[in-house]
2 protein chains.
Amino acid sequence: MSVTIKDIAKETGFSVATVSRVLSDKTGFFSQQTAAIINETAAKLGYKKNMAATELVTQKSNVVAVIVNSTKTNFSDQIINGIQKKADEAEKRVIILYAGDRDERSQRIALSTALERPILGILLLSVDLFPSNLAILTSSNIPFYFISISFKDTMLNYIASDDQEIGYQATNYLISQGHKNIGIAGLNIENSAHTGALRFKGYQKALREAGIVFKSDWLQTGDYSYESGVTALQNYYLKKDITAVIAASDLVGIGILNECNRLKINVPAELSILTTDGTSLCELVRPQLSSITQDFYRMGYLSTTYLINNTQNNAYTNIAISQRQSVKSLNKIDH
Amino acid sequence: MSVTIKDIAKETGFSVATVSRVLSDKTGFFSQQTAAIINETAAKLGYKKNMAATELVTQKSNVVAVIVNSTKTNFSDQIINGIQKKADEAEKRVIILYAGDRDERSQRIALSTALERPILGILLLSVDLFPSNLAILTSSNIPFYFISISFKDTMLNYIASDDQEIGYQATNYLISQGHKNIGIAGLNIENSAHTGALRFKGYQKALREAGIVFKSDWLQTGDYSYESGVTALQNYYLKKDITAVIAASDLVGIGILNECNRLKINVPAELSILTTDGTSLCELVRPQLSSITQDFYRMGYLSTTYLINNTQNNAYTNIAISQRQSVKSLNKIDH
DNA sequence: CTGAAAGCGCTTACAG
DNA sequence: CTGAAAGCGCTTACAG
């Protein structure tokens, strides 16, 4: 059907071995003249190398597989850009696979699609693998890295933000702006090793260091969704206790913001919002959402670097406060 | 390295042929007992089929390659969901390739990555191919479909909205709400065959039918970006001529909205906004943006259906007005 | 600098 | 129901 090196060999009179050598540029094993003829003929015939065949014989691959949630994780673009950049620099290719929305079967299909062909390794983009699927992965002998999710278990490689630091720094920032009654909303605290629990721990630490006594209704758990933000604010509204809230994601922050809008609560005059992530969504809404911003691009770049160099390692990327319009300083007034 | 059918053959005493037959489930060519033994051994050994080898010998593939812009086209998720759904139903796999942001080289790399391995076909997700890259594609003999982009050239297959209808229906809707001075903003009119030009044509047709004389400053061209919206509104602000504007995308609409916010123009009291696309962004901002909504999910689903069935065809998917909060009816007042 | 040959992991007529 | 053999498109020692 499509043209192969055999066709080129026939056309030029050289052997397939020679054709293969010039086409894969094994410099020094052929004369300039031969190369010219073969390359020309390849172009003329519209030759496209069949990488599947190459990968089969060389037993190695230049493609990294990225598995992402189809969930609206609005930061995945940034991570993928970072991955793409590093892959490009290293002359690797990247293919992206959707793993559905926390669906065991979809995850398994995405995993199989990756595992059933020659690949360099797998990058899991904030996908929380079901145990059964993690088992498939670990038993495959293919290197893999989690991005934007961290683990206690140091057998698993991850590149993420330090979630405890996120909680700690976010809270400290709000305290530095004069807030004392600070909510934390939209995060999932259940799994003791994970994101939510760590952030909450950092939050409590900052409170403690500032001598603030935590009240249980300051914590409004959720699933990082817009709806979590809406619900959280409704609960806060009942108590009218807090002056600032840390949202677990930008979407949670927007949920809170919009519900404030509906209930005629002025942000930031009556309630300050500090959101987590700092994606472009923060600048789309009014007032713009201040955030504790994660370096997603860097996560992508770094994880790909590790994968390519086969560095079995974990790493934290930087976090920083981005001041926009949704946090009010109480200090000026207090003074 | 990893376990092959040869290993299973050795382990079970059957030939690789038999192993192959049961593992690829060529029903009727083996006994239940044999199957049981082989499947068991495969599981025990952690066998993973090497699809690259299979594809090499069968000369066909079950993977559809989707090429997307890394540009913030915030509707691509919906399209991909539709693709994924249909692919799943047909037992096909999908891999996604990023083609950068209107970058010739990135496009070429994405294309090569797809073309250099066995695939079923290619779906181009609102990527405006450079001529050189289109040439590569067409000469490859692999079926491909454009999604969310239409062409005059009927040699190219596309699944998209009817852009002239978008312009026409959007304008008619605004006219039905009593608006007469209607802007259209953020679209690119240059390439005569494309999206922007068609929408503008539909817009003009609706105006004409309503006996409204178009004024040239009602058209503010752009590139479908947030910034286009901001700039457009600044220009409108100078003339204070229009009561409603059709934004070329949700981001354009938000750019207009936020600039209104800055200039203390009340939406929709002083200016109505009808945005194009109708993604989730419309419901994130306040007031929520009314839109002429495209059926992106369906585009994905339909194009994948065509690709799998090898239907050489074009199709338009439905469009509809989604009333939210950003369009004011002038009729009540007029009455 | 070039070619003949073996082999990567699979599938599938052909024969039995 | 099962096996021996050829072959998919490539690469790479080995020989010359």
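Note on naming: letters A, B, ... go to the chains in the order of the sequence lines (proteins, then strands), and numbering restarts at 1 for each one. Quick note: numbers below take in every heavy atom, side chains included, and nothing from hydrogens, waters or symmetry partners.
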query = Can you list every pair that meets side chain to side chain donor-acceptor pair (under 3.5 Å) and has a residue in residues 36-53 of chain B, with sequence neighbours left out?
reply =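 Applying side chain to side chain donor-acceptor pair (under 3.5 Å) to every pair that reaches into residues 36-53 of chain B, excluding sequence neighbours, yields B/Glu11-B/Lys44.
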ask   = Does the separation of the ring centres of B/Tyr145 and B/Tyr158 fall below 6.0 angstrom?
value =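 Here the rings of B/Tyr158 and B/Tyr145 have centres that are no less than 6.0 Å from each other.
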query = Below 4.5 Å, heavy atoms only, C-beta onward: do A/Glu91 and A/Asn62 meet side chain to side chain?
reply = no
request  = For B/Gly13 and for B/Leu56, locate the closest nucleotide of DNA chain D by heavy-atom distance; then report the residue assigned to the nucleotide nearer the 5' terminus.
outcome  =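 The residue closer to the strand's 5' end, by nearest nucleotide, is B/Gly13.
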Interatomic distance, [X] [atom1] vs [N] [atom2] [rounded to whole Å]:
X	N	atom1	atom2	answer
B/Glu55	C/dC8	CD	C1'	15 Å
A/Gln59	C/dG7	CD	C1'	10 Å
A/Phe14	C/dT2	CZ	P	5 Å

Aromatic ring pairing B/Tyr297/B/Tyr301, orientation class (parallel under 30°, perpendicular over 60°, tilted between) =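 B/Tyr297 vs B/Tyr301 ring planes: parallel.
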Taking the basic N atoms (NZ, or NE/NH1/NH2) and the acidic carboxylate oxygens, is any pair closer than 4.0 Å for [X] and [Y]?
X	Y	result
A/Asp223	A/Arg102	no
B/Lys85	B/Glu89	yes
B/Arg108	B/Asp103	no

request  = Please check the phosphate of C/dT2 (OP1 and OP2 only) for any side-chain N or O of A/Thr34 closer than 4.0 Å.
outcome  =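 Checking C/dT2 against A/Thr34, a side-chain N or O does come within under 4.0 Å of OP1 or OP2.
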ask   = How does each nucleotide of nucleotides 10-16 of chain D score, in 5' to 3' order, for protein heavy atoms under 4.0 Å: base (B), sugar-phosphate only (S), or none (-)?
value = BBBB---
task = Take A/Arg117 and A/Glu55 through the salt bridge (Lys or Arg N to Asp or Glu O under 4.0 Å) test and state the conclusion after the steps.
result = CA-CA 9 Å; A/Arg117 55 206 76 228; A/Glu55 288 166 344; over 6 Å; no
task = Using both pair distances under 3.5 Å as the test, note the stems of at least 3 consecutive Watson-Crick or G-U pairs that include DNA chain C.
result =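 So the stems come out as C:1-3 with D:14-16, C:5-12 with D:5-12, C:14-16 with D:1-3.
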